[in-house]
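Have a look at the structure below, then the notes.
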Amino acid sequence: MSDMYIRVAEEENEEPMEIPSEDDGTVLLSSVAAQFPGACGLRYRNPETQCMRGVRLVEGVLHAPENDWGNLVYVVNYPKDNKRKMDEIESAVKVKRGFQKTSDLIVLGLPWKTTEQDLKDYFTTFGEVIMVQVKRDTATGNSKGFGFVRFTDYETQTKVVSQRHMIDGRWCDCKLPNSKSSPDEPMRSRKIFYFMQYGEVTDVFIPKPFRAFAFVTFADDQVWPSDK
DNA sequence: GTTGAGCGTT
């Protein structure tokens, strides 16, 4: 009985992992938790009733149903609190995918000759454009050498802000404007949830101006993404 | 008729 393993998976349809049992046929919860951090128990689907059943757990020791682990795949239980966090992660992902607002971007370094049509033609190659502006002297009509652009999709905005742009022969920069009309930055608290699955987050730093990356500090010095 | 870091007449 010293070389027995039971098969355990994160979810019913996922790749099982073999977890060693003890000499008396039990399995230590700590053995499960070593492979599935945060685990608080096991469950399995009863072949007769097709219902999920919990595995008996007494003082950190998991006991085989009917004194035989059989060839079943056991599924890891996590505390409800963890489940709640996972829901928050999923909703945060939805926020990123669907409800992220765009803002006007300032375009610096434009050639004097560049028109709004030129700007629209250029930026449309990245994605759908809501509007473009070239700022001009009201008296002369001459370009001031900068303008604004707004995109439909936040993904497009992120892409555009993260690189430089060759427009009519000059390198230009797109940034979030300092001044008005930027309904941004309620994202700090949301972004944290992306990393909560990897460990406790102690700090999040998002560079200003926005440069499409950020620094996340963990309490633990060894955090790795799960390999799914 | 010029210029080259910045921040938006409506």
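These numbers come from the heavy atoms of this one structure, side chains and all, not from hydrogens, waters or symmetry mates.
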D137(A) atom CG is separated from dT2(B) atom C1', nearest whole Å, by 13 Å

When rounded to whole Å, the CD to P distance for the pair Q133(A) and dT10(B) reads 10 Å

### Message
Quick check on dT9(B): is either OP1 or OP2 less than 4.0 Å from any side-chain nitrogen or oxygen of K135(A)?
### Response
yes

Taken to the nearest whole Å, CG/D173(A) to C1'/dC7(B) is 13 Å

Contacts satisfying side chain to side chain donor-acceptor pair (under 3.5 Å) that involve residues 105-120 of chain A (not counting sequence neighbours) are T114(A)-D168(A), T115(A)-D118(A), Q117(A)-D121(A)

Using centres under 5.5 Å plus planes under 30 degrees as the test, is F148(A) stacked with dG8(B)? yes

note: R150(A), atom CZ; dG8(B), atom C1'; distance rounded to Å ~ 13 Å

note: R136(A), atom CZ; dC7(B), atom P; distance rounded to Å ~ 20 Å

Q: Check whether the ring centres of F123(A) and F151(A) lie less than 6.0 Å apart, and answer yes or no.
A: yes

When rounded to whole Å, the CG to C1' distance for the pair N142(A) and dG4(B) reads 14 Å

Contact check, residues 111-118 of chain A vs DNA chain B, heavy-atom distance under 4.0 Å, returns P111(A), W112(A)

query: Per the atom types in the model, does the base of dG8(B) pair as donor or acceptor with the side chain of D104(A) at under 3.5 Å?
result: yes

Heavy atoms under 4.0 Å, any strand shown: does L105(A) hit a base, just sugar-phosphate, or nothing? nothing

Ring centroid separation Y5(A) to W69(A) under 6.0 Å: no

Exercise for the section: Verify the distance criterion only: is there a donor paired with an acceptor across the side chains of Q157(A) and K159(A) at less than 3.5 Å? Expected result: no

